[in-house]
Amino acid sequence: MRYAIGDMNDPIAIFAQWLADARTQVPEPTAMALATVDIEGRPAVRMVLLKHADARGFVFYTNMESDKGRQLAHRAEAELCFHWQPPGRQVRVHGSVEQVSDTEADAYFASRPYQSQLGAWASQQSRPLPSQAILLKAVAKQALRFPHRVTRPPHWTGYRVEPTWIELWSGVTFRLHDRMRYTRDADGSWQDQRLYP
């Protein structure tokens, strides 16, 4: 049975509907695994939060000096994976990665809670931390520096994964799962292909 959600030729539209469904059933529906590779070609994966998705791609934000930031600077390609249980759906997104514009990053940073903004300045993400007290002291120092309005750190931005393909998976009894892969053509249109589960 084909997917009866949204426009069959638009996996972004299907994703948007699936995400809306997940919001009613899953505590953190925007959580996604982000896979990158390091300079030696070793895989690295961690969970991040999706902050925006549209026809251009899937956006998350982080410290550019983190492990993932350095890995994306070396090789600007990544894969994302969402898994929602219930309702038993998975979405994989593979593509190239680019930084969002300064305007986009500034706008999102301004929407974050004040303490999270301070944390973006205080955290030397992915580096050794001798104790939690040191981090809390760094946050307090930034609060003195920014008592009201916090500007976005120059080392903090967003990344957009621009999909070359998107795979939609829906669980079916007896493991006869429904699996479709959508590959983007040079003109931006999508070609779909059913895969064995």
Side-chain angles (χ1 to χ4, degrees), residues 1-26 28-38 41 43-62 64 68-69 71-108 111 157-173 175-197:
M1 185 174 89
R2 302 279 275 185
Y3 293 99
I5 301 176
D7 182 348
M8 275 305 303
N9 295 319
D10 186 356
I12 304 292
I14 298 172
F15 172 82
Q17 181 60 59
W18 282 18
L19 179 60
D21 292 344
R23 288 185 192 280
T24 68
Q25 302 178 63
V26 180
E28 191 60 80
T30 62
M32 58 187 183
L34 166 67
T36 56
V37 293
D38 69 14
V45 66
R46 78 289 286 161
M47 301 302 292
V48 297
L49 297 179
L50 175 73
K51 293 302 177 183
H52 182 73
D54 59 21
R56 294 184 301 161
F58 297 71
V59 176
F60 65 93
Y61 289 84
T62 193
M64 295 164 60
K68 57 186 168 295
Q71 290 161 3
L72 290 170
H74 167 69
R75 183 170 179 176
E77 191 171 2
E79 189 162 317
L80 307 172
C81 184
F82 299 83
H83 185 78
W84 299 305
Q85 187 67 36
R89 289 173 174 161
Q90 178 175 282
V91 179
R92 292 173 62 198
V93 179
H94 183 92
S96 59
V97 181
E98 67 170 14
Q99 288 184 22
V100 302
S101 69
D102 287 344
T103 300
E104 289 174 279
D106 288 342
Y108 175 69
S111 75
T157 192
Y159 292 90
R160 176 177 288 105
V161 179
E162 301 176 313
T164 53
W165 57 260
I166 296 175
E167 185 179 298
L168 303 173
W169 176 98
S170 185
V172 178
T173 55
R175 300 199 178 277
L176 301 177
H177 308 308
D178 202 4
R179 187 175 172 198
M180 294 286 290
R181 179 171 291 185
Y182 295 78
T183 303
R184 181 173 265 168
D185 289 338
D187 65 1
S189 62
W190 294 96
Q191 299 298 320
D192 65 321
Q193 182 177 44
R194 184 171 299 282
L195 304 177
Y196 278 97

Taking atom CZ of Arg46 as the centre, report whether more than 12 heavy atoms of other residues, nucleotides or ligands fall under 6.0 Å from it. yes
Return the minimal non-hydrogen interatomic distance between Arg56 and Pro163, and the atom names on each side. O-CD, 4.1 Å
Option from Gln90, Gln193, Arg181 for which side chain to side chain donor-acceptor pair (under 3.5 Å) with Glu167 holds: Arg181
Rounded to the nearest 0.5 Å, what's the gap from CZ on Arg89 to CG on Asp178? Could you check? 10.5 Å
If the plane angle is over 60° it's perpendicular, under 30° parallel, otherwise tilted; pick one for Trp84 and Trp18. perpendicular
Taken to the nearest 0.5 Å, the spacing of Asn9 CG from Ile14 CD1 works out to 8.5 Å
Quick one: sort the His94 and Trp165 rings into parallel, tilted or perpendicular, breaks at 30° and 60°. parallel
One pair to check against side chain to side chain contact (heavy atoms under 4.5 Å, CB included): Leu34 and Met32. What are the steps and the verdict? CA-CA 6 Å; Leu34 166 67; Met32 58 187 183; 5.7 Å; no
Step by step, would you call Val100 with Tyr61 a side chain to side chain contact (heavy atoms under 4.5 Å, CB included)? CA-CA 9 Å; Val100 302; Tyr61 289 84; 4.1 Å; yes
In Å, rounded to the nearest 0.5 Å, how long is the span from CG of Asp106 to OG1 of Thr157? 8.5 Å
Chi angles and distances behind the side chain to side chain contact (heavy atoms under 4.5 Å, CB included) call for Arg160, Phe58: CA-CA 5 Å; Arg160 176 177 288 105; Phe58 297 71; over 6 Å; no
Is any side-chain heavy atom of Val91 closer than 4.5 Å to one of Leu19? no
Side-chain heavy-atom pair Trp190, Arg184 within 4.5 angstrom cut-off: yes
Given side chains that start at C-beta, do those of Tyr182 and Asp10 come closer than 4.5 Å, heavy atoms only? no
Distance-only, no hydrogens or angles: does the Asp38 side chain make a donor-acceptor pair with backbone N or O of Gly41 under 3.5 Å? yes
Just do the side chain to side chain contact (heavy atoms under 4.5 Å, CB included) check on Thr36 and Val97 with the steps written out, would you? CA-CA 10 Å; Thr36 56; Val97 181; over 6 Å; no
Is there side-chain contact between Thr30 and Glu28, with at least one heavy-atom pair below 4.5 Å? yes
Is there a side-chain contact between Pro87 and Gln25 (heavy atoms, below 4.5 Å)? yes
Side chain to side chain, Leu80 and Leu50, heavy atoms closer than 4.5 Å: no
Check whether any side-chain heavy atom of Val26 lies under 4.5 Å from a side-chain heavy atom of Phe82, and answer yes or no. no
Glu98 CD to Leu72 CG distance, which is reported to the nearest 0.5 Å: 12.0 Å
Closer than 3.5 angstrom, by distance alone: can the side chain of Asp187 be matched with the main-chain N or O of Ser189 as a donor-acceptor pair? yes
Is there a donor-acceptor contact under 3.5 Å from the side chain of Arg179 to the main chain of Trp169? no
